[in-house]
2 protein chains.
Amino acid sequence: MARQKSETGPVRRGRPPAYDAETALKRATETFWRTGYSGTSLDKVAAATGMSPPSLYAVFGNKHALYLEALARYWGISLAATREALAGDHPLDEALMLAYDAALSIYFSGKGTARGCFVVGTAVTEVAEDPAIRNSVAAGLRAIDADFEARFRLAQDRGELTPDADPAALAILAAATMQTIAIRARAGARRAELRELAQKAVRVICGCRPEPRQGTTHA
Amino acid sequence: MARQKSETGPVRRGRPPAYDAETALKRATETFWRTGYSGTSLDKVAAATGMSPPSLYAVFGNKHALYLEALARYWGISLAATREALAGDHPLDEALMLAYDAALSIYFSGKGTARGCFVVGTAVTEVAEDPAIRNSVAAGLRAIDADFEARFRLAQDRGELTPDADPAALAILAAATMQTIAIRARAGARRAELRELAQKAVRVICGCRPEPRQGTTHA
DNA sequence: GTATATTTGTATAGATCGTTATAAAAATCA
DNA sequence: TGATTTTTATAACGATCTATACAAATATAC
């Protein structure tokens with residue numbers, strides 16, 4: 001009934017599971033990613049994972065719980081990629097481009113046409129009527145804002161931004177840029193075009209720089 | 001079989017239709033708006049419009065064609081609202097806020113929780129696998145970019161922006177701001193909060209202003 | 001070996017999906 | 001009035017949906 005941990009305890013009784021829950025969740029995510037939550041049947045998920053419907057239900061509960069788990073998994077991967085890009089010692093504009101390049105790698109992953117962001121492409125539709133999905137999406141969006149804002153505050157402390165720059169406002173624009181890239185990628189924009197878009201956005205966002213060659217201290 | 005024009009020709013034969021096609025399309029749009037394309041059954045559309053399924057098929061063809069018509073109708077209303085906001089004689093920052101206020105009025109229209117943008121909330125999910133929806137969405141996104149860019153070029157000509165400002169880059173950020181507002185509205189953000197978000201974005205976007213009190217001519 | 005525990009595949013239940021056949025209802029034309 | 005035209009409502013078609021009942025299969029425990 002329940003899912004066995006990957007690190008098996010003392011001994012495993014009964015017939016051993018034929019599929020790994022983590023890879024099954026990944027395959028399920030890929031399927032939802034293409035056709036959305038409502039547009040994806042459990043038969044399609046079963047075909048993608050190689051698991052039978054009863055096995056899917058035994059491991060994940062039901063379709064809704066499976067999607068929520070896929071959503072949580074995606075948030076984990078996506079937020080970690082953004083944080084890693086912003087955490088390095090690169091200058092602000094380079095750090096932002098690393099974050100957008102990481103996002104583009106996710107949005108253009110998989111075979112066939114680009115799927116964009118899993119959240120923007122599938123969860124946003126359900127968010128209007130589904131409280132659990134709404135909570136997950138709202139929390140993730142807040143996390144993105146907070147990650148960008150923290151990086152802009154750091155940039156301000158380092159003198160990469162003028163003291164009158166508004167880190168919260170810049171974070172909103174940085175997050176908005178990521179989301180418009182997600183939408184456009186799914187709508188068919190080419191990757192190179194979206195990278196240029198990101199560069200243009202970064203140029204404006206980082207426009208609040210101190211005067212060049214005027215000393216490193218601010219104020 | 002086909003739809004009769006509102007302006008009746010010489011005389012109308014046969015039983016008169018009980019429902020107006022335009023109001024039916026509006027009601028159908030409201031229904032798709034909440035639960036998406038795949039998540040909305042034709043029975044729900046029939047209940048919302050008061051029409052029976054055969055009548056819906058007689059007027060609109062099928063579910064897909066009905067959704068496409070709802071999408072085209074929404075683009076018309078949405079793009080017109082943005083253009084009207086940007087067309088006035090207001091200063092750049094006021095014009096942008098008029099556009100965002102118009103968008104917020106749409107995103108928070110209807111009863112119950114906010115539905116956000118019809119395109120972002122329902123079409124983006126389908127865009128990955130549906131060529132017709134993809135074409136409509138891609139064209140609409142290009143139109144938004146073009147409308148904003150035209151306004152920024154005008155602002156530059158008027159001296160509201162410095163000559164080195166990049167109208168295309170600012171247009172991307174302006175469009176991205178509208179789309180992040182759409183996402184956040186559907187995810188439950190309060191309207192006042194999103195209006196402040198818009199103001200912060202406008203402040204950054206309009207930051208490439210000429211020096212104040214330094215003459216109105218540029219260069 | 002026998003008993004117990006767990007997963008598997010098959011098959012399907014019950015509801016809902018998009019769509020349509022059919023005929024009654026309501027108008028005009030002759 | 002009766003014939004024609006168009007829309008309506010009822011009913012249902014076959015397909016697909018989420019979810020589960022069931023028994024065979026495969027492991028350990030004794």
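As a basis for the values below, the full set of heavy atoms in this structure was taken, side chains included, without hydrogen atoms, waters or symmetry mates. Lettering of chains follows the sequences in order, A, B, ..., and the numbering in each one begins at 1.
Residues passing the side chain to side chain contact (heavy atoms under 4.5 Å, CB included) test with Leu79(B) are Trp75(B), Arg83(B), Ala143(B), Ile144(B), Asp147(B), sequence neighbours excluded. Here Arg142(B) pairs with nothing under the side chain to side chain donor-acceptor pair (under 3.5 Å) rule; sequence neighbours left out.
Note that the two end axes of the helix from dG1(C)-dC30(D) to dA30(C)-dT1(D) enclose an angle of 10°, each drawn from 5 base pairs, rounded to 10 degrees.
As rounded to whole Å, 14 Å separates atom C1' of dT19(C) from atom CG of Leu66(B). What separates OH of Tyr57(A) from P of dT12(C) is a distance of 18 Å, to the nearest Å. If you take NZ of Lys63(A) and P of dC17(D), they are 9 Å apart, rounded to a whole angstrom.
A donor-acceptor contact shorter than 3.5 Å links the side chain of Lys44(B) to the backbone of Gly39(B). In terms of modelled atom types and a separation under 3.5 Å, the side chain of Arg115(A) and the main chain of Ser109(A) share a donor-acceptor contact. At least one donor-acceptor pair under 3.5 Å links the side chain of Thr31(B) to the backbone N or O of Arg27(B). Proximity of a side-chain donor or acceptor of Trp33(A) to a complementary backbone N or O of Thr122(A) within less than 3.5 Å is not detected.
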Write down the protein N/O and nucleotide N/O pairs, taken from nucleotides 13-15 of chain D, whose separation is under 3.5 Å; answer none if there are no such pairs.
none

Using a cut-off of under 3.5 Å, enumerate the N/O to N/O pairs linking the protein to nucleotides 25-30 of chain C.
residue : atom : partner  : partner atom : Å
dA25(C) : N3   : Arg15(B) : NH1          : 3.3

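Atoms CZ and OG1, from Arg34(A) and Thr113(A) in turn, are 4.0 Å apart once rounded to the nearest 0.5 Å. How far CG of Leu86(A) is from CG of Leu92(A): 9.0 Å, rounded to the nearest 0.5 Å. Atom CG of Leu56(A) sits about 12.0 Å away from atom NZ of Lys63(A), to the nearest 0.5 Å.
The pair Glu196(B)-Lys200(B) does not meet the salt-bridge criterion, since no charged nitrogen lies less than 4.0 angstrom from a carboxylate oxygen. Salt-bridge formation is not detected for the pair Lys26(A)/Glu30(A): no Lys NZ or Arg NE/NH1/NH2 atom is positioned less than 4.0 Å from an Asp or Glu carboxylate oxygen.
Heavy-atom distances under 4.0 Å link DNA chain D to Ser52(B), Pro54(B), Ser55(B) of residues 33-55 of chain B, given in residue order.
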Report the C-alpha separation of Thr35(B) and Glu129(A) in whole Å, then their side-chain angles, then the decisive distance to 0.1 Å, and conclude whether the side-chain hydrogen bond (donor to acceptor under 3.5 Å, both in side chains) test is met.
CA-CA 7 Å; Thr35(B) 46; Glu129(A) 296 276 85; over 6 Å; no
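Closest approach to the Tyr19(B) side chain among dA19(D), dT19(C), dT8(D) is made by dT8(D) (side chain taken as heavy atoms from C-beta onward).
Checking each of Phe60(A), Tyr37(A), Tyr74(A) against Tyr67(A) for a ring pair (Phe, Tyr, Trp, His ring centres under 6.0 Å) leaves exactly one that passes, namely Tyr37(A).
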